Amino acid sequence: MLEDIDTPALLLDREKLERNCLRMRERLRSHNVALRPHVKTAKSVEVTQTALDAATGAITVSTLREAEHFFGRGFRDILYAVGMVPAKVARVAELTRRGANISTIVDSVEGARALMQACDKAGVRIPTLVEIDSDGHRAGIAPGDKALLEVAEVLGDSLRGVMTHAGDSYNCATTDAIRAVAAREREAVVSSAAALRARGHPSPVVSVGSTPTATFAESFAGVTEVRTGVYMFHDLVMAGLGVCELDDIAISVLASVIGHQREKNWLITDAGWMALSRDRGTASQKVDQGYGLVCGVEGRPLEDLIVVESNQEHGIVARRDGGAIDFDRYPIGKLLRVLPNHACATAAQHSRYRVIDAGRVTQTWDRFAGW
Ligand SMILES: Cc1ncc(COP(=O)(O)O)c(C=O)c1O
């Protein structure tokens with residue numbers, strides 16, 4: 001029973017998780033492109049097994065801690081999709097020696113040289129992808145930049161291909177805009193792989209991935225794999241982008257009402273930013289959801305209540321329009337659920353998922369943190 005667990009707690013609705021995972025698997029299968037789920041959102045073996053519908057499979061990680069944890073649970077094919085530095089070679093080499101097929105990424109000649117030197121010293125060969133910048137969002141070599149071929153020369157037979165992450169898709173105002181970002185994402189890596197092949201560099205891996213672009217892309221031609229993460233849970237940012245419905249959001253934070261501020265029309269809960277995170281990802285969207293959208297214990301949004309402010313262990317809940325709250329509906333101790341702005345950030349505040357099936361907690365799944 002939800003009433004039996006201490007609040008705040010992270011709830012995971014298994015039916016929604018399975019539905020989100022199935023939808024992505026089927027979509028990518030229908031486009032004949034492989035899924036390499038990103039485990040950075042969930043950091044949970046059970047959630048990843050649900051995403052893959054298998055005990056193990058190819059995954060993307062954002063930390064070596066994730067790589068080590070998943071390798072320990074039988075996952076062999078791992079892409080570490082954050083720029084590699086020489087100091088991390090020893091940990092990657094150790095996984096490689098133990099039988100992992102782990103690849104890394106670089107996005108500069110300098111980075112590639114440093115990596116190759118460290119690999120030579122360690123006596124290991126680490127398959128490496130070149131990161132391409134498809135949208136000016138963050139990292140990578142711009143398509144058409146001659147640095148790509150220089151990096152390929154440095155990597156030699158460690159080169160495995162190219163990857164990109166269309167982070168700009170999170171800033172789109174319309175689904176047409178997401179489609180356009182997705183087209184640029186695909187074009188950037190497909191053209192980069194073609195440039196490499198034209199110079200005799202085999203480029204078997206052509207990797208893209210963000211949940212918005214994977215959801216709306218019209219073509220994956222030339223792409224070999226898609227890395228998506230947040231789709232497993234979805235969140236208010238994804239709902240604001242039109243990528244999912246509110247009803248698809250699989251995680252929420254269970255909170256208790258701990259106080260009433262009647263003259264201010266506030267409810268106080270025990271879910272502050274330690275439980276919700278300080279993420280304000282919806283602040284720039286059409287509907288600002290504050291620090292989270294408040295639902296009843298069964299998971300349905302309540303008379304437009306949002307978390308308007310968050311202190312460390314206190315959440316301040318008010319109506320979006322500042323209107324009067326019917327305090328009798330929310331006695332002290334009443335349970336509420338808060339949908340998160342950003343699933344990765346909110347989940348990161350917790351060390352386990354309380355898995356719910358038909359409103360009842362049926363299992364506890366661990367999640368881990370750290371680097
Ligand atoms: C390199 C890389 N690939 C894939 C993803 C997955 O994106 P999403 O969580 O939108 O599916 C991310 C997310 O940050 C990323 O950084």
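Remember, it's 1-based here, ligands and their atoms both numbered in the order they're listed. All figures in this text were calculated on a predicted structure; none of them were measured in a lab.
- Remark: Y330 engages no residue in a ring-ring contact (aromatic ring centres under 6.0 Å, His included) (not counting sequence neighbours).
- Applying the ring-ring contact (aromatic ring centres under 6.0 Å, His included) test to every pair with at least one member in residues 350-371, sequence neighbours left out, gives these pairs: H69-F368, F233-Y353.
- Environment of CG in D321: crowded, with over 12 heavy atoms of neighbouring residues, nucleotides or ligands closer than 6.0 Å.
- Ligand-side atoms of ligand 1 in range of A81: 1 (C), range being under 4.0 angstrom from any heavy atom.
- A donor-acceptor pair under 3.5 Å is absent between the side-chain atoms of R160 and the main chain of P204, judged by distance alone.
- Of the possible polar contacts, one joining the N20 side chain to the M232 backbone as a donor-acceptor pair under 3.5 Å is found.
- Nearest non-hydrogen protein atom to atom 12 (C) of ligand 1 is H165 CE1, 3.3 Å.
- Counting only N and O atoms by type, the side chains of S207 and R227 include a donor and acceptor under 3.5 Å apart.
- Geometrically, ligand 1 and T41 share no nitrogen or oxygen pair separated by less than 3.5 Å.
- Salt bridge present: R280 and D288 bring a charged side-chain N and a carboxylate O closer than 4.0 Å.
- An N or O contact shorter than 3.5 Å is missing between Y231 and ligand 1 by distance.
- Listed by number with element, the atoms of ligand 1 under 4.0 Å from a non-hydrogen atom of G209 are 3 (N), 4 (C), 5 (C).
- Looking from atom 3 (N) of ligand 1 to the surrounding protein, the closest heavy atom is R227 NH2, 3.0 Å.
- Residue G229 places at least one N or O, backbone or side chain, under 3.5 Å from an N or O of ligand 1.
- Taking distance alone, with nitrogen or oxygen atoms compared against 3.5 Å, H38 stays at or beyond that limit from ligand 1.
- In summary, the atoms of ligand 1 found under 4.0 Å from a heavy atom of T211, numbered by their order in the structure, are 8 (P), 10 (O), 11 (O).
- Shortest contact from atom 9 (O) of ligand 1 to any protein heavy atom: V230 N, 3.0 Å.
- In terms of polar-atom proximity, defined here as any N/O pair under 3.5 Å, P212 makes no such contact with ligand 1.
- Between E66 and K40 no salt bridge is recorded (no basic side-chain N to carboxylate O distance below 4.0 Å).
- In summary, R19 and D247 engage in a salt bridge, as defined by a charged side-chain N under 4.0 Å from a carboxylate O.
- Considering backbone and side-chain N/O of K40, one or more are found under 3.5 Å from N/O of ligand 1.
- Scanning the protein for heavy atoms near atom 7 (O) of ligand 1, the closest one is Y170 OH, 3.2 Å.
- The closest approach between a heavy atom of R138 and any atom of ligand 1 is below 4.0 Å.
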